[in-house]
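Below: the structure, in structure tokens.
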There are 2 protein chains.
Amino acid sequence: MDAPPHWLDPEQKVAWDNFIRMQETLIGRLSRRVQTDSGMSASDYIVLASLTERGGGRMRLLDLAKSVEWEKSRMSHQVTRMAKRGLVAREECPDDGRGAFIVATPAGCTAIEEAAPQHVEHVRRLFIEALTPHQLSTLGRLSKRVLDHMERLPD
Amino acid sequence: MDAPPHWLDPEQKVAWDNFIRMQETLIGRLSRRVQTDSGMSASDYIVLASLTERGGGRMRLLDLAKSVEWEKSRMSHQVTRMAKRGLVAREECPDDGRGAFIVATPAGCTAIEEAAPQHVEHVRRLFIEALTPHQLSTLGRLSKRVLDHMERLPD
DNA sequence: CTGGAGTAGATGAGGTGTCAACGATTTCGT
DNA sequence: ACGAAATCGTTGACACCTCATCTACTCCAG
């Protein structure tokens, strides 16, 4: 017996609500910021950041998708839009006739190089500086714990 | 002098990355779950939940928007879509000629009543159970702290 | 070397979010 | 009472995400 209760108890609910509100507010403000500061969308930023940091400005589409944990179709659409805006370009892949290399254009490189320090500054201002170093590392540790827990669960 | 460094130090970066990954994974899994369990989108769920819990199934559009911290236009579009699906309906507001009441239809009430326990169950499984009660309350407290910090900042 | 299974990626449809502009009231100062 | 300003809500354009489906290529067993 002892089915799990159908609702969260008050303390759990408070914790959950605070987490959700914080997370939404934070992500919302950060992405609006990237948008107004750089003219890029948050997605553009993430893609360019991963492409230049991890891939040296040139990556296979599927690797790029994995590096930011996106579905391939999402990445494909995003790359199409970014190509239209001149931030990246598609190149054929000599080794694999199906494949495509995604490369950051000079404009894309410039854009990310200008946007990155500002973005980091906002992360610092909104998030990092809200907490003591000890609190920050606690929050990081608890996040990792939830992450590991989820990865053990089906779905 | 002493300009803030342009990058996060390694410990800050680890904490930030873990937080971001956790939050994205969690929200993603929860909304996919609501979708497949109930056929509603995560937005449908939030709107119906707030409408029935806080408003007794009948609320002004702008109040509804504020209750979930959405922009009015987002809510207006969402209500249009939900009306098309028969989850809510618009009613004229006698007191205020500009206004609109949003009401949950019987179908909407049924839908949220069926979806809510399942959703809570997933929150519990993915998030609550990852942590001890003490850790959970810590995470809630730190979230609140970040939230308060952000509310003090412009933008 | 050939046929089937798996992989890389593109694409179309439909739901969703944002921004800016708008129409329709209500409210308020004078 | 009257006009300006604020408020309530809608709309259109556009960017974005997901899902299912499709093509084209690679790989491998026989």
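Only heavy atoms go into these numbers, but all of them, side chains included; no hydrogens, no water, no symmetry mates. From a predicted model like this one, the values you see are computed outputs, not experimental measurements. Numbered from 1 within each chain, the chains take letters A, B, ... in sequence-line order.
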Check: Taking protein heavy atoms under 4.0 Å as touching, what does nucleotides 17-26 of chain D look like 5' to 3' if B marks base contact, S marks sugar-phosphate-only contact and - marks none?
Finding: SBBB---BBS
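Not counting sequence neighbours, the partners of Glu129(A) by the side chain to side chain contact (heavy atoms under 4.5 Å, CB included) test are Arg124(A), Arg125(A), His149(B). For Ala42(A), the side chain to side chain contact (heavy atoms under 4.5 Å, CB included) partners at least two apart in sequence or on another chain are Ser31(A). Applying the ring-ring contact (aromatic ring centres under 6.0 Å, His included) criterion to Tyr45(A), with sequence neighbours excluded, gives His119(A). The side chain to side chain contact (heavy atoms under 4.5 Å, CB included) check on Gln118(A) picks up Asp37(A), with sequence neighbours excluded.
Of the side-chain N and O atoms in Ser76(B), one or more sit less than 4.0 angstrom from OP1 or OP2 of dT10(D). A sub-4.0 Å separation between OP1 or OP2 of dA10(C) and a side-chain N or O of Thr80(A) is absent.
Applying the ring-ring contact (aromatic ring centres under 6.0 Å, His included) rule to pairs touching residues 54-85 of chain A yields nothing, sequence neighbours excluded. Residue pairs meeting the ring-ring contact (aromatic ring centres under 6.0 Å, His included) criterion with at least one member in residues 22-43 of chain A, sequence neighbours excluded, do not occur. For residues 77-90 of chain A, the set of pairs meeting the salt bridge (charged side-chain N to carboxylate O under 4.0 Å, His left out) definition, not counting sequence neighbours, comprises Asp44(A)-Arg85(A). Screening residues 14-38 of chain B for ring-ring contact (aromatic ring centres under 6.0 Å, His included) gives Phe127(A)-Trp16(B), Phe127(A)-Phe19(B) as the qualifying pairs, with residues at least two apart or on separate chains.
In this entry the distance linking CD of Glu92(A) with P of dA8(C) reads 17 Å, nearest Å. Here the C1' atom of nucleotide dC19(C) and the CE atom of Met75(B) are 18 Å apart, to the nearest Å. Between Glu91(B) atom CD and dG9(D) atom C1' there is a gap of 16 Å when expressed in whole angstrom units. Separating the CG atom of Leu87(A) from the C1' atom of dA15(D) is a distance of 14 Å, rounded to the nearest angstrom. Distance, Lys84(A) NZ to dC14(D) C1': 11 Å, rounded to whole Å. Atom-to-atom, CZ of Phe101(B) to P of dT10(D) comes out at 13 Å; the value is rounded to the nearest Å.
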Output a table of donor-acceptor pairs, distance under 3.5 Å, between side-chain atoms of residues 56-65 of chain A and any protein atom two or more places apart or on a different chain; print 'none' if there are none.
residue	atom	partner	partner atom	Å
Arg58(A)	NH1	Glu91(A)	OE1	3.0
Arg58(A)	NH2	Glu91(A)	OE1	2.6

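In the region residues 59-69 of chain A, proximity to DNA chain D at under 4.0 angstrom, judged on heavy atoms, holds for none of the residues. Within residues 46-54 of chain B, no residue has any heavy atom closer than 4.0 Å to DNA chain C.
Nearest heavy atoms, Arg54(A) versus Ser67(A): NH2-O, 3.0 Å.
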Next item on the list: Kindly indicate, with the supporting measurements, whether the criterion salt bridge (Lys or Arg N to Asp or Glu O under 4.0 Å) is fulfilled by Arg152(B) and Asp148(B).
Entry: CA-CA 6 Å; Arg152(B) 263 180 262 118; Asp148(B) 291 345; 5.3 Å; no
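Taking for each of Arg85(A) and Ile102(B) the nucleotide of DNA chain D with the nearest heavy atom, the 5'-most of the two is the partner of Ile102(B).
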